[in-house]
Protein chains: 4
Amino acid sequence: MSINACYCSTMPNSHLHIDAKRDVKAAIFDAACRVIRGRGFHQARVTDIAREAGISYGLVYHYFGSKADLFDAIFNEWWSGLFGLMEELEAQTISPREKLAAILDHFLDEYEARPELVHIFVTEISRSTPNLTPERLEFFKEFFRRAERIITQGQQEGVLRKDMKARYLTYIFVGAMEGFLSAMVLANQPLKGKSQKRNIASALLDVFFNGAGLMRG
Amino acid sequence: MSINACYCSTMPNSHLHIDAKRDVKAAIFDAACRVIRGRGFHQARVTDIAREAGISYGLVYHYFGSKADLFDAIFNEWWSGLFGLMEELEAQTISPREKLAAILDHFLDEYEARPELVHIFVTEISRSTPNLTPERLEFFKEFFRRAERIITQGQQEGVLRKDMKARYLTYIFVGAMEGFLSAMVLANQPLKGKSQKRNIASALLDVFFNGAGLMRG
Amino acid sequence: MSINACYCSTMPNSHLHIDAKRDVKAAIFDAACRVIRGRGFHQARVTDIAREAGISYGLVYHYFGSKADLFDAIFNEWWSGLFGLMEELEAQTISPREKLAAILDHFLDEYEARPELVHIFVTEISRSTPNLTPERLEFFKEFFRRAERIITQGQQEGVLRKDMKARYLTYIFVGAMEGFLSAMVLANQPLKGKSQKRNIASALLDVFFNGAGLMRG
Amino acid sequence: MSINACYCSTMPNSHLHIDAKRDVKAAIFDAACRVIRGRGFHQARVTDIAREAGISYGLVYHYFGSKADLFDAIFNEWWSGLFGLMEELEAQTISPREKLAAILDHFLDEYEARPELVHIFVTEISRSTPNLTPERLEFFKEFFRRAERIITQGQQEGVLRKDMKARYLTYIFVGAMEGFLSAMVLANQPLKGKSQKRNIASALLDVFFNGAGLMRG
DNA sequence: GATGAATGAGTGTTCATTCAT
DNA sequence: AATGAATGAACACTCATTCAT
């Protein structure tokens, strides 16, 4: 599975309408993120994206073969970032807790830097039935497989409970992380500042490892 | 906010005489659930729903004013079930843990009994941008408010940590529950049997209260 | 090869706009013939066809799945008529000259009765590169094969010269017939009355069998 | 009617110094012939032609004002060749049969030397409704007028039957010639070698003058 | 001369909704 | 109640043409 494709950089870019030629593609990409965030992929019209990007209708098709290709670009942008990190983590010799923390940080950093991308991940990539073709679903399964490997490592190293299936622990950790983010996305709560990110990350990790209860059951 | 509207129950009809009208409506409702589960709301065509229900095209409009009304019916079916339970829980004098367990059981029971409905909740109700009008979003906020009330109660009763915002704990618990379910839904894993449900429910509760770690931090 | 499909009757129909329900398809078919005759298949817009038929845009798609299907219907209408005749002829024990005469009459009768259909045959079916998919080309080859069988029969019965390939004689006869018609079509000359048809048919047959020259070479 | 316009000859350039401009134009012309042969004029995209010619997109518009101009160039290339011959023939004092033979040879020679051009004549020039504007149709009528003059001459000189309209005989001869070629074009049969050309030409002339029948009617 | 990015009008197709029967 | 023919607005995509460089 080719997971590293990165169609298009979305570097911060405050002058969208006076981009040099080479950045038009990025401008379209960013505009697409904003429009799709607001209306969902299927309701996003190519007209809207072109207008948002400040370019003509046909130019979208000059840079992206189709509306679906635009979605694929966003899709790949998300996954390539996440899998890039996870590959790095696998090569490192850090504790499972640090690995989970790194993944958590990645989600939160992305949400701060590119809220549209995370919004789209949460609403269009992660859950939308018509968007989730079997091929795309594979990315998810791969994500869960890799996360489960970390959890299993934790069980083997004696830092995570062995009386629960690694699969369940994975669902719980990933679900909590993604569900937490999703709640913020839906409530339209932006994420700003290091301290807020640190709070959320440590809350999630703390509860996952130590529990939210005061008395051990 | 009128939260108890129930367009169309699929429970066995309690009026003992045959109520054909209600049966046809229920058949359409069920067919809609199946079709929307498979294709997503916006990709589901009225034609498909009618064919799936075994009735004619126009009859859908006889029982449901529009495609959007059909979605509202599903939407309300889900929320009325959940809010019905939560209202009951608020009236009872049981521990927060038991309340969270009851909510968890509700999600799992529904997933076992009506997987389409939960699938639609996870993909179309809970996340789909174009479906989430401000009005519908209110149901979500209400759900979180009520869940947070239980969490807060737990903090006040000394069973949940007070060093974390109730809001965060709520996001973590609800996120984990919904994220767990979502992972099952996407992996197309059915839920069958009491023991599996008990395992999942106790895993989620256990980790939430006691943590997944073996050593206290 | 299924050659007998006949999508749609084009019985003469002078009240196009007040047809009974079952004739709407025929009205669209006829309108399509007129529009395609005038502008060619690729330049014919579905809008034009709908307006010409006096019905709404979408109804075209209710009766024909696509613009291409409309063309297929016309295509099949032409070939089913021609192959229907040729199958009859093959079953009969008449002379090759009579068979060729019957084919000739068929072309001329069709041109008189349904000039649009013949116009489309001449311009869109018989010659248009983009319309002539390999599959459609098969119909042509089949037509030539059957015509050649008649020519070969003539050679065997001693009424046609054997010093020329049957293939060449076939090309000459069919080419002359189709080319003659094509010249009339392009010159926009209608064909009216039995005597004109008889003149043309006998001229073609006479020249083919006896030559146009006064002195034998 | 200006019938001799020749946008772009592909004959080897007679100006001995290198005329790059003319070469590029000829390359575009030839590429257009190949592409239009394969896809038809309306389906041929300027992109395809540029790529086939190995030059950039915009350069096509540097040499030809528009796609329609390109077609006009091909159109004129065909007709100027044919009318050039026919003008020569009119000036000569040869028999009608020799004149018809010369025209026939011209068609066959062209088909051998430039099959694309003849293919386009047969499919796009000679029959395509949307291409045949009234102005372009005039070329056809002129061609038939000139052919008919030869036929009439033949009738007056006593070598062709007078019991048939010259118009009909013209349609038959031209139709047979064009229809024969068309059958070869559609069957994708190339024409190679003098003997094959001689066979076809003599077959057509022989049948036209003497008939294909063995017994005089 | 040469390039190819940029434009936008045009068109096939879909599908929710209406309504006569 | 039940049917499905009829409507037409909406939208993705194509591609000839222009023009700044």
Side-chain angles (χ1 to χ4, degrees), chain A residues 19-22 24-25 28 42-51 53-70, chain B residues 20-21 23-25 28 41-51 53-71, chain C residues 19-22 24-25 28 42-51 53-70, chain D residues 20-21 24-25 28 41-51 54-71:
Chain A
D19 280 333
K21 199 188 279 181
R22 66 190 169 194
V24 174
K25 190 169 185 179
I28 296 170
H42 278 93
Q43 270 49 53
R45 284 170 291 147
V46 177
T47 305
D48 296 333
I49 294 171
R51 192 184 301 120
I55 49 103
S56 79
Y57 192 96
L59 204 54
V60 174
Y61 288 87
H62 191 76
Y63 288 99
F64 296 91
S66 70
K67 201 184 151 190
D69 280 0
L70 246 176
Chain B
K21 178 169 176 178
D23 286 348
V24 174
K25 193 169 185 180
I28 296 171
F41 175 68
H42 277 93
Q43 269 49 52
R45 285 169 292 154
V46 178
T47 306
D48 297 332
I49 295 170
R51 190 184 304 120
I55 50 108
S56 82
Y57 199 90
L59 206 53
V60 173
Y61 286 87
H62 200 79
Y63 287 98
F64 296 90
S66 70
K67 201 185 152 189
D69 281 0
L70 243 177
F71 186 74
Chain C
D19 282 331
K21 199 188 283 183
R22 65 187 169 198
V24 174
K25 189 169 185 177
I28 296 171
H42 278 94
Q43 270 50 51
R45 283 171 292 148
V46 177
T47 305
D48 297 332
I49 295 170
R51 190 184 303 120
I55 50 104
S56 81
Y57 195 96
L59 205 54
V60 173
Y61 287 86
H62 191 77
Y63 288 98
F64 296 91
S66 69
K67 202 185 150 190
D69 280 1
L70 246 177
Chain D
K21 179 168 174 177
V24 174
K25 194 168 186 179
I28 297 171
F41 176 68
H42 277 93
Q43 268 51 51
R45 285 169 292 153
V46 178
T47 305
D48 297 331
I49 294 170
R51 189 183 306 119
I55 50 107
S56 83
Y57 199 89
L59 206 53
V60 173
Y61 286 86
H62 200 78
Y63 288 99
F64 296 91
S66 70
K67 202 183 150 188
D69 283 359
L70 245 178
F71 186 74

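So that the names make sense, note that chain A is the first sequence line, chain B the second, and so on, each numbered from 1. No hydrogens, no waters, no symmetry mates; every other heavy atom, side chains included, goes into these values.
With a cut-off of 3.5 Å on both Watson-Crick or G-U wobble distances, the partner of F/dA12 is given as E/dT11. Look at F/dA2: its Watson-Crick or wobble partner, with both distances under 3.5 angstrom, is E/dT21.
Per the geometry, CZ belonging to B/Phe71 stands 16 Å off C1' belonging to E/dA16, to the nearest Å. For the pair B/Gln43 CD and F/dC11 C1', the interatomic distance rounds to 13 Å; values are reported in whole Å. If you take NE2 of D/His42 and C1' of F/dT14, they are 14 Å apart, rounded to a whole angstrom. Atom CZ of C/Phe64 and atom P of F/dA5 are 14 Å apart (whole Å). The distance from atom CD1 of B/Ile28 to atom C1' of F/dA2 is 11 Å, rounded to the nearest whole Å. The interatomic distance linking B/Tyr61 (OH) with E/dT18 (P) rounds to 8 Å, in whole Å.
Proximity of a side-chain donor or acceptor of B/Lys67 to a complementary backbone N or O of B/Arg45 within less than 3.5 Å is not detected.
Residues B/Ser56 and B/Ala50 share a closest heavy-atom pair of O-CB, 3.8 Å.
Of the candidates E/dT17, F/dA16, F/dC13, F/dC13 carries the atom nearest the A/Ser66 side chain, counting heavy atoms from C-beta on. For C/Val24, taking side-chain heavy atoms from C-beta onward, the closest of the listed nucleotides F/dA6, F/dC13, E/dT17 is F/dA6.
Atom CG of residue C/Leu70 and atom CD1 of residue C/Ile28 lie 7.5 Å apart, to the nearest 0.5 angstrom. Between the OH atom in A/Tyr57 and the OH atom in A/Tyr61 there is a gap of 4.5 Å [rounded to 0.5 Å]. Once rounded to the nearest 0.5 Å, the distance linking CZ of D/Phe64 with NZ of D/Lys25 reads 5.0 Å.
D/Tyr63 has a side-chain polar atom (N or O) that falls below the 4.0 Å cut-off from OP1 or OP2 of E/dG1.
Mapping B/Lys67 and C/Ala44 onto DNA chain E via the closest heavy atom, the residue that lands nearer the 5' end is C/Ala44. Nearest-nucleotide positions on DNA chain F place A/Val46 closer to the 5' end than the other of D/Arg45 and A/Val46.
C/Ala50 comes within 4.0 angstrom of nothing in the nucleic acid, heavy atoms only. Residue-level contact check: B/Ala68 touches neither bases nor backbone, having no heavy atom under 4.0 Å from any strand.
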Sort me out a list of protein N/O and nucleotides 7-9 of chain E N/O pairs below 3.5 Å, or just none if empty.
| from | atom 1 | to | atom 2 | distance (Å) |
| --- | --- | --- | --- | --- |
| E/dT7 | OP2 | A/Ser56 | N | 2.8 |
| E/dT7 | OP2 | A/Ser56 | OG | 3.0 |
| E/dT7 | O5' | A/Ser56 | OG | 3.4 |
| E/dG8 | N7 | A/Gly58 | N | 3.2 |

